[in-house]
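No experiment lies behind these values; they were computed from the predicted model shown. Sequence positions, counted from 1, serve as the residue numbers for this chain.
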Amino acid sequence: MLKLIAKQKLIIIFLFIISSLTQVLDAQTTYHIGSGETYTTLADVNGLSLVPGDSVLFHRGETWRNGNIDIGISGSSSAQITYGAYGSGNKPLILGSTQITAWTNVSGNVWSGNTTISTDPWSIGYSAQIFFNTSTDTIPLWGLHQTYVDLSELTSEYDWTWNSSTIYIYSPTDPNTRYTNVEVPQQQYIVLLNGHSYISLDNLDLRYIASVGVYETYGNIGIDGLRVTNCAISNIGYKGSGKAYGLSVTSSNAYYGYNAIHDCG
């Protein structure tokens, strides 16, 4: 009789373990973010109710802009929460900028952007330049900020200023054909860790940011197990800035590997 009771207890314990493992496995979900999916925006990403082991994957070849990945929960040492990529093609682009593609001549070689820019990028974080893209340069060209007076301060190519939600630039020829677009940073950070541990960032391309690509609040050293792999992080702040970072984090048991981090101040 005692042997039977012992066997029954072992069976119950065994079934409990199996049930617990099944619940853990069932809880691990992969969310696909992209056009044609249930979730499409960064706001959708930040609204997900994630649990350890979940993956949030952005579609390669697509772009998300002027927003953040706002980490809201930690993974665990055995079940990271992963933000990564799926599909084929270029890494998903997550940009902290608004893009200008059309310009109107003000006078002479001074032009105004036809896109509303809510915030002067020079006032965000530790200040940021705008970035000029052309069809021939593979790396965006840095703007040269000038303090707004009356637009007479714009005297050389790549000079720019902001006033009343408008970007003004100096261009020696029509910028509508000279540049493919101009990127104007509007976000101080892209990935905000918010003190959470066991987060994995993989195969993401983060660009056009005022201060930091991946950020943890200054002085917060309590996070653990951060992984940043195969990411590209670039075009942050302004040339010569002492406060423009691809990564600004302090994490125990961290791993950073195979990333390309460049043009950060």
Side-chain angles (χ1 to χ4, degrees), residues 63-68 93-104 106 109-192 204-215 231-248 259-265:
T63 300
W64 291 261
R65 64 169 62 249
N66 204 0
N68 310 112
L93 282 168
I94 304 177
L95 310 180
S97 59
T98 295
Q99 186 182 82
I100 302 176
T101 58
W103 302 86
T104 298
V106 176
N109 293 321
V110 175
W111 302 73
S112 62
N114 291 355
T115 301
T116 298
I117 304 298
S118 301
T119 307
D120 180 0
W122 201 251
S123 71
I124 302 172
Y126 301 111
S127 300
Q129 295 285 13
I130 66 176
F131 296 91
F132 294 78
N133 287 284
T134 72
S135 58
T136 56
D137 293 294
T138 56
I139 296 177
L141 303 169
W142 293 79
L144 299 169
H145 173 260
Q146 307 298 326
T147 301
Y148 178 80
V149 180
D150 58 9
L151 300 182
S152 64
E153 64 275 7
L154 304 180
T155 60
S156 301
E157 186 169 18
Y158 311 124
D159 280 357
W160 69 274
T161 194
W162 177 94
N163 184 55
S164 299
S165 301
T166 300
I167 290 287
Y168 297 90
I169 65 170
Y170 180 102
S171 178
T173 61
D174 186 348
N176 293 296
T177 54
R178 192 173 184 86
Y179 313 115
T180 55
N181 62 71
V182 172
E183 296 285 351
V184 182
Q186 292 289 277
Q187 299 293 325
Q188 189 169 1
Y189 320 109
I190 294 290
V191 179
L192 307 179
L204 301 177
D205 192 337
L206 316 179
R207 302 184 195 179
Y208 310 125
I209 313 155
S211 296
V212 185
V214 179
Y215 180 69
C231 289
I233 307 174
S234 65
N235 306 105
I236 302 175
Y238 63 92
K239 276 190 176 181
S241 170
K243 296 179 179 179
Y245 312 101
L247 303 170
S248 181
N259 301 295
I261 301 175
H262 61 90
D263 288 288
C264 302

State which residues pass side chain to side chain contact (heavy atoms under 4.5 Å, CB included) with Leu141; sequence neighbours excluded, sorted by chain then number.
Phe132, Thr134, Asp137, Tyr158
Counting only N and O atoms by type, is there a donor-acceptor contact under 3.5 Å from the side chain of Arg207 to the main-chain atoms of Leu95?
no
Got a donor-acceptor contact below 3.5 angstrom from the Thr161 side chain to the Gln146 backbone?
yes
According to side chain to side chain donor-acceptor pair (under 3.5 Å), does anything in residues 232-245 pair up with another residue at least two apart or in another chain? List the pairs.
none
I'd like to check [X] versus [Y] (side-chain heavy atoms, cut-off strictly below 4.5 Å). Are they in contact?
X	Y	value
Ile169	Ile130	yes
Leu206	Cys231	no
Glu183	Asn133	yes

Testing the 3.5 Å rule here: is there a donor-acceptor pair between the side chains of [X] and [Y]?
X	Y	value
Thr104	Asn114	yes
Arg65	Ser97	yes
Gln186	Asn66	no

Neighbour count above 12 (heavy atom, 6.0 Å) for Tyr148 OH
yes
Parallel, tilted or perpendicular: rings of Tyr208 and Phe131 (30°, 60°)
tilted
Could you measure the distance from the CG atom of Asn176 to the OG atom of Ser171? Nearest 0.5 Å is fine.
9.0 Å
Between OG1 of Thr98 and CG of Asn181, what distance do you get to the nearest 0.5 Å?
12.0 Å
